[in-house]
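Residue numbering restarts at 1 for every chain, and letters A, B, ... go by the order of the sequence lines.
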2 protein chains.
Amino acid sequence: MADSPSPAAVTISAIAAEAGVSAPTVSRVLNGRGDVAPATRERIEGLLRTRGYRRRGSKAGDKAGEMVGLLDLVFNDLDSPWAVEIIRGVEDAAHDAGSGIVVSAIHRRASSTRQWLRNVRSRTSDGAVLVTTDLDSSLRAELDELHVPAVVIDPVGVPDLAVPTIGSTNWAGGLSAVDHLISRGHRRIGFVAGRPELWCSRARLDGYRAGLETAGLDVDPDLVVPGEFDYESGFRAGEHLFGLADPPTAVFSASDQMTLGVYEALRRRGLRVPADVSVIGFDDLPEARWASPPLTTVRQPLADMGRLAVRTVHRLVRGEAIESPRVELATELVVRDSTAAVPGRVSG
Amino acid sequence: MADSPSPAAVTISAIAAEAGVSAPTVSRVLNGRGDVAPATRERIEGLLRTRGYRRRGSKAGDKAGEMVGLLDLVFNDLDSPWAVEIIRGVEDAAHDAGSGIVVSAIHRRASSTRQWLRNVRSRTSDGAVLVTTDLDSSLRAELDELHVPAVVIDPVGVPDLAVPTIGSTNWAGGLSAVDHLISRGHRRIGFVAGRPELWCSRARLDGYRAGLETAGLDVDPDLVVPGEFDYESGFRAGEHLFGLADPPTAVFSASDQMTLGVYEALRRRGLRVPADVSVIGFDDLPEARWASPPLTTVRQPLADMGRLAVRTVHRLVRGEAIESPRVELATELVVRDSTAAVPGRVSG
DNA sequence: CTGAAAGCGCTTACAG
DNA sequence: CTGAAAGCGCTTACAG
């Protein structure tokens, strides 16, 4: 798992020797000059990649393994308050370690990803923290070649053990949300799911199911509605749930943003939180505190996840072993004012 | 205002010649080696600063004026959704220009500021965008010496014309908010102010006053309450305002976050928005859309301000002239569901 | 299209 | 504490 330190540094002249050309030719390829024979260029480019060439200043002391003081932090999108929580933790830990963080959004576009890789190569950052990114095998291979260690926060798919991932206990968090509602007497509990392709969404759903089943309750498929983690899909889910002939008395939704959409759907129907309906979210973004009424939710320690990601990348940079390729930080139920006992419940 | 390009590049040997020492000695100072006579060290450090020395790799082509592809983005704190809006715009424009952005939080601490400056020096970024930062004259002098051009978004004090600033039309925005409420028949309009030391807060307050005065209404000092831009101070302001013997029928608060606090204060008193009280905010953060009811607010184009900041820094890097040292982008009233006509108003 | 030569900016022993 | 020398990684003319 740990890279064996390359016996000789990967310099331009090393590459040149291996390719059977002179150093200036390799330099030309690196700088995108036109006047290199296609075959030569290809051979050199191949070597550059497989050997993981990275530009090293002149400084003789610039040995492999020394840190540049720059870490990349990559999101798909920067449009959610979710992102800033992670940035905060990553910035904090990086600052303590004397590193700067370079934040990018790649918008799920291959072209942006390629440009990001080009930038990483030219600026030679020490490592990368990728957030909810697919990190397909080709991207991983490229980072490997560049010798840029990566850590993934909140992996989208089944964790690939070759790259360390950091998540939270989504299943247990889902379970605790449902337990809380059941302890308040709720029996018909709706669930608004997150983006189905995401690993964490499935875990939260399964936690919801497990909570009901443990209490001896059936999972009513009518009460499980799809969502996309955003406000709009939460609003639609709320409209659907409370348009039902036999609506739930409580709703657990898999993100705070969707929960705010549920709030609005309830308000439009004249239903009050928590007097008429109890509502619980997931994440504990700042907006959960600011909702009216303040939202009961399952806290995900996003900033801590960011901090741990930085420490993990730094261990990898220094070639140290990491405890586990897969870490889940604990979620925590935060009870505020959006959950209450079932309205009008008769004693039995 | 534009730097005259230094006749000779600021290299280690240039500094050495000027200091009357050899290049290795300067190198030692730069790398913090201990074995340099204090007097020599001081002389060299002085020269390094006044000449604006910046580490330049070996590459012969690394002429002064070439871009590194890195921009610094500095916040005091990263704890508000406000920040992510600006990051989004800055990232977007920087990405288009092929630059990466290094984001830092300096927490208003001099020590963090110093560390940030050290980092800037070692990583030689092309320029800096500072958000709501004081940029006191010593910091400015240091950036000048490093030849790192800076732009300030949302300056805290009276704009210092030596550094370009980008803001929004706070005064006009405040005016438009009050106009909107007056057009709905409101006469008693409360105002929750922002942090008093900030320039933008004063402009919004003056806009509020101007709106009332234009309509021939008196400014009732009892209805103007201090705030700090955050949720908690908004909540307290709401409690105060609606504990008054003659409470307002509408409230304009100088940030969306404070407005959410006002929502909660109203909810606790059993007052409905907008049926009983109209409420209007400032910023148009995503949470304004997600509030229940969705919040009428004055939109500040934060992402656009970030984009413009990047373009401005890049002009400065290239030594181009900028149109104006002070730009204000237009605010825009966004009407949603939190404002309505005065309740129970008689026809006249 | 490619290489031998010269050179740049910087740093590391080494000597004093 | 300091400098002359050697050397590193890279690049730019220049010649062919």
_Pair listing, salt bridge (Lys or Arg N to Asp or Glu O under 4.0 Å) test, anchored in residues 71-82 of chain B, at least two apart_ = D72(B)-R123(B), D77(B)-R108(B)
Among [options], which nucleotide sits nearest the side chain of [X]?
X	options	result
T25(B)	dC1(D), dT11(C), dG3(D)	dG3(D)
A23(B)	dT2(D), dC1(C), dT11(C)	dT11(C)
P24(B)	dA5(D), dT11(D), dT2(C)	dA5(D)
T11(A)	dT2(C), dT11(C), dC10(D)	dC10(D)

_Wobble G-U and Watson-Crick pairs count when both distances are under 3.5 Å; given that, what is the 5' to 3' dot-bracket string of DNA chain D, with | for pairing to other strands?_
|||.||||||||.|||
Looking at [Y], is its backbone amide N or carbonyl O close enough to the side chain of [X] to form a donor-acceptor pair, meaning the two atoms are under 3.5 Å apart?
X	Y	value
D126(B)	G69(B)	yes
S324(A)	V327(A)	no
R43(B)	A19(B)	yes

Can you tell me the distance, in whole Å, between the [atom1] atom of [X] and the [atom2] atom of [N]?
X	N	atom1	atom2	result
I15(B)	dC10(C)	CD1	P	10 Å
D35(A)	dT11(D)	CG	P	14 Å
L30(B)	dT11(C)	CG	P	6 Å
I44(A)	dG3(C)	CD1	P	8 Å
I12(B)	dG7(D)	CD1	C1'	15 Å

*Could you tell me whether R88(B) and E85(B) make a salt bridge, using a distance below 4.0 angstrom between a side-chain N and a carboxylate O?*
yes
*Please lay out, stage by stage, how Y53(A) and L30(A) fare under the test side-chain contact (heavy atoms from CB on, under 4.5 Å).*
CA-CA 10 Å; Y53(A) 173 81; L30(A) 274 171; 3.5 Å; yes
Could I get a table of every N or O pair under 3.5 Å where one atom is in the protein and the other is in nucleotides 14-16 of chain C?
none

Distance below 4.0 Å between [X] side-chain N/O and [N] OP1 or OP2:
X	N	answer
S13(A)	dC10(D)	no
Y53(A)	dC10(D)	yes
S27(B)	dC10(C)	no
S22(B)	dT2(D)	no

_Please report the interatomic distance CG(N76(A)) to OG(S104(A)), rounded to the nearest 0.5 Å._
11.5 Å
*Nearest nucleotide by nearest heavy atom, which residue falls closer to the 5' end of DNA chain D, V26(A) or V21(B)?*
V21(B)
*Decide yes or no for T132(B) and W82(B): does some side-chain heavy atom of the first lie under 4.5 Å from some side-chain heavy atom of the second?*
yes
_Heavy-atom closest pair, residues A97(B) and H314(B)_ = CB-CE1, 3.5 Å
